[in-house]
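So you know, we letter chains A, B, ... as the sequences are listed, proteins then strands, and number each from 1.
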Number of protein chains: 2
Amino acid sequence: MKLTTRGRYAVTAMLDLAIHGDDRPVSLADISGRQEISLSYLEQLFAKLRRGALVTSVRGPGGGYRLARARPQIFVAEIIDAVDESVDATNCSGKGNCHHGEVCLTHHLWQDLSEQIHGFLSQISLAELVDRRDVQSAVSQQSARGSRSLQNLIAQQL
Amino acid sequence: MKLTTRGRYAVTAMLDLAIHGDDRPVSLADISGRQEISLSYLEQLFAKLRRGALVTSVRGPGGGYRLARARPQIFVAEIIDAVDESVDATNCSGKGNCHHGEVCLTHHLWQDLSEQIHGFLSQISLAELVDRRDVQSAVSQQSARGSRSLQNLIAQQL
DNA sequence: TAATACCCGACTAAATTACTTGGTTTTATA
DNA sequence: TATAAAACCAAGTAATTTAGTCGGGTATTA
């Protein structure tokens, strides 16, 4: 388990999807505009998220992405795993090339530690993140802007 | 809070110090040999660990590093913080340049999340790591090697 | 006085990250 | 049926980070 900015991008994008994807699919262009992540980079992330069965896609105009499952069933650890494609962590993969046996010692420990972090992040769902108070207030701000959002989007495209 | 290989190196090295540093200070050359981390890289890490008041140094022959505190008082989060020098995480540091207010939304969330991870790692001490069963068995292996360790070290130097 | 080992800064190769470019399909809709 | 919106795809690239090297120091002690 690594914890990089790429993972943050992915969680951010999935959270955007969780907030805005109630009825219709959400286009990457929308997420790109809101979260200021480059479109092509999002495409690469979502290719991985799709392979990880976390989102489904709808092609053609009006298309976009949907969460593959309900928000309480998608967990932060899954998102990070999907985009980070597991590092094997140890250079002594399996057995054999550990020089003393001591090398493996801390390797196992670190592995154990990252498993604990993984377990921790496996308990936090998108639903929980969305339900936090600070999100709620920000979302109400956003829906206040809702009426003029389309206009703004068009204006921003030019 | 990031979770990179550099953090792993630091935790590994500190754990090595916790295991081998009971009586005399431990030289970086020893840690380098046992954990297979380059000496100069270790020097850079320990410079940061020293600045972070996690270790103290003893110069001259027979010198090395000691833990600055007892093992139950040194926590994994501190080690990672010391070597990773906090990323400011958000590009909208403070207020102002967030375009919609929505940008900050997920930024705050991610920050919140990494604080939770930080809190989690703040509860795991070096003592706890050392006391785990898999470490214990590995340590007994190591002390079985203890009688010939000096010979081996000299042989390895050549 | 010489060996040990910390200390320090600059430089470098390799890897990773974030992004760009330039396409191709698919599909709603005008 | 033409068009445009969108997902999809692959290759390349600039910037950053990581891990390591190199070449000097300086303090301590056998």
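One atom, CG of Leu28(A), and another, P of dC19(C), lie 14 Å apart when rounded to the nearest Å. One can place NZ of Lys48(A) at 16 Å from P of dC8(D), the figure rounded to the nearest angstrom. Separating the CG atom of Leu3(B) from the P atom of dT17(D) is a distance of 17 Å, rounded to the nearest angstrom. A straight line from CD of Gln44(A) to C1' of dC9(D) spans 10 Å, rounded to a whole angstrom. Between the CG atom of Leu45(A) and the P atom of dA7(D) there is a distance of 13 Å, given to the nearest Å. If you measure from atom CG of Leu39(A) to atom P of dA7(D), you get 7 Å, rounded to the nearest angstrom. Rounding to whole angstrom units, CG of residue Asp84(B) and C1' of dT16(D) are separated by 14 Å. Look at CZ on Arg24(B): it is 14 Å from P on dC6(C), rounded to the nearest Å.
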### Query
Taking it one step at a time, do Thr4(B) and Thr4(A) satisfy side chain to side chain contact (heavy atoms under 4.5 Å, CB included)?
CA-CA 7 Å; Thr4(B) 66; Thr4(A) 66; 5.5 Å; no

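Relative orientation of the Phe120(A) and Phe120(B) rings is parallel, given thresholds of 30° and 60° on the angle between their planes. The aromatic rings of Tyr65(B) and Phe46(B) sit tilted relative to each other, their planes meeting at an angle between 30° and 60°.
Using a 4.0 Å cut-off between charged nitrogen and carboxylate oxygen, Asp84(A) and Lys2(A) do not count as a salt-bridge pair.
Counting non-hydrogen atoms under 4.0 angstrom, Phe46(B) reaches nothing in the nucleic acid. Across all strands, Ser40(A) comes closer than 4.0 Å to base atoms (heavy-atom distances). Contacts of Tyr9(B) with the nucleic acid, taken as non-hydrogen atoms under 4.0 Å apart, involve only primed sugar atoms and P, OP1 or OP2.
Note on Arg50(B): a side-chain N or O is less than 4.0 Å away from OP1 or OP2 of dC8(C). One finds a side-chain N or O of Lys2(B) lying less than 4.0 angstrom from the OP1 or OP2 phosphate oxygen of dT18(D). The phosphate of dC7(C) has OP1 or OP2 within less than 4.0 Å of a side-chain N or O from Ser57(B).
Minimum atom distance to the side chain of Glu43(B) is reached by dC8(C), of the listed dA18(C), dC8(C), dG20(D). The listed nucleotides are dC9(D), dA18(C), dA4(D); the one nearest the side chain of Tyr41(A) is dA18(C). Minimum atom distance to the side chain of Ser27(A) is reached by dA7(D), of the listed dT4(C), dA7(D), dT21(D). You'll find that the side chain of Arg59(B) is closest to dT26(D), out of dT26(D), dT20(C), dT4(C). Residue Tyr65(A) places its side chain closer to dA7(D) than to any other of dC6(C), dT28(D), dA7(D).
For Leu42(B) against Ser32(B), the heavy-atom pair with the smallest separation is CD1-N, 3.5 Å.
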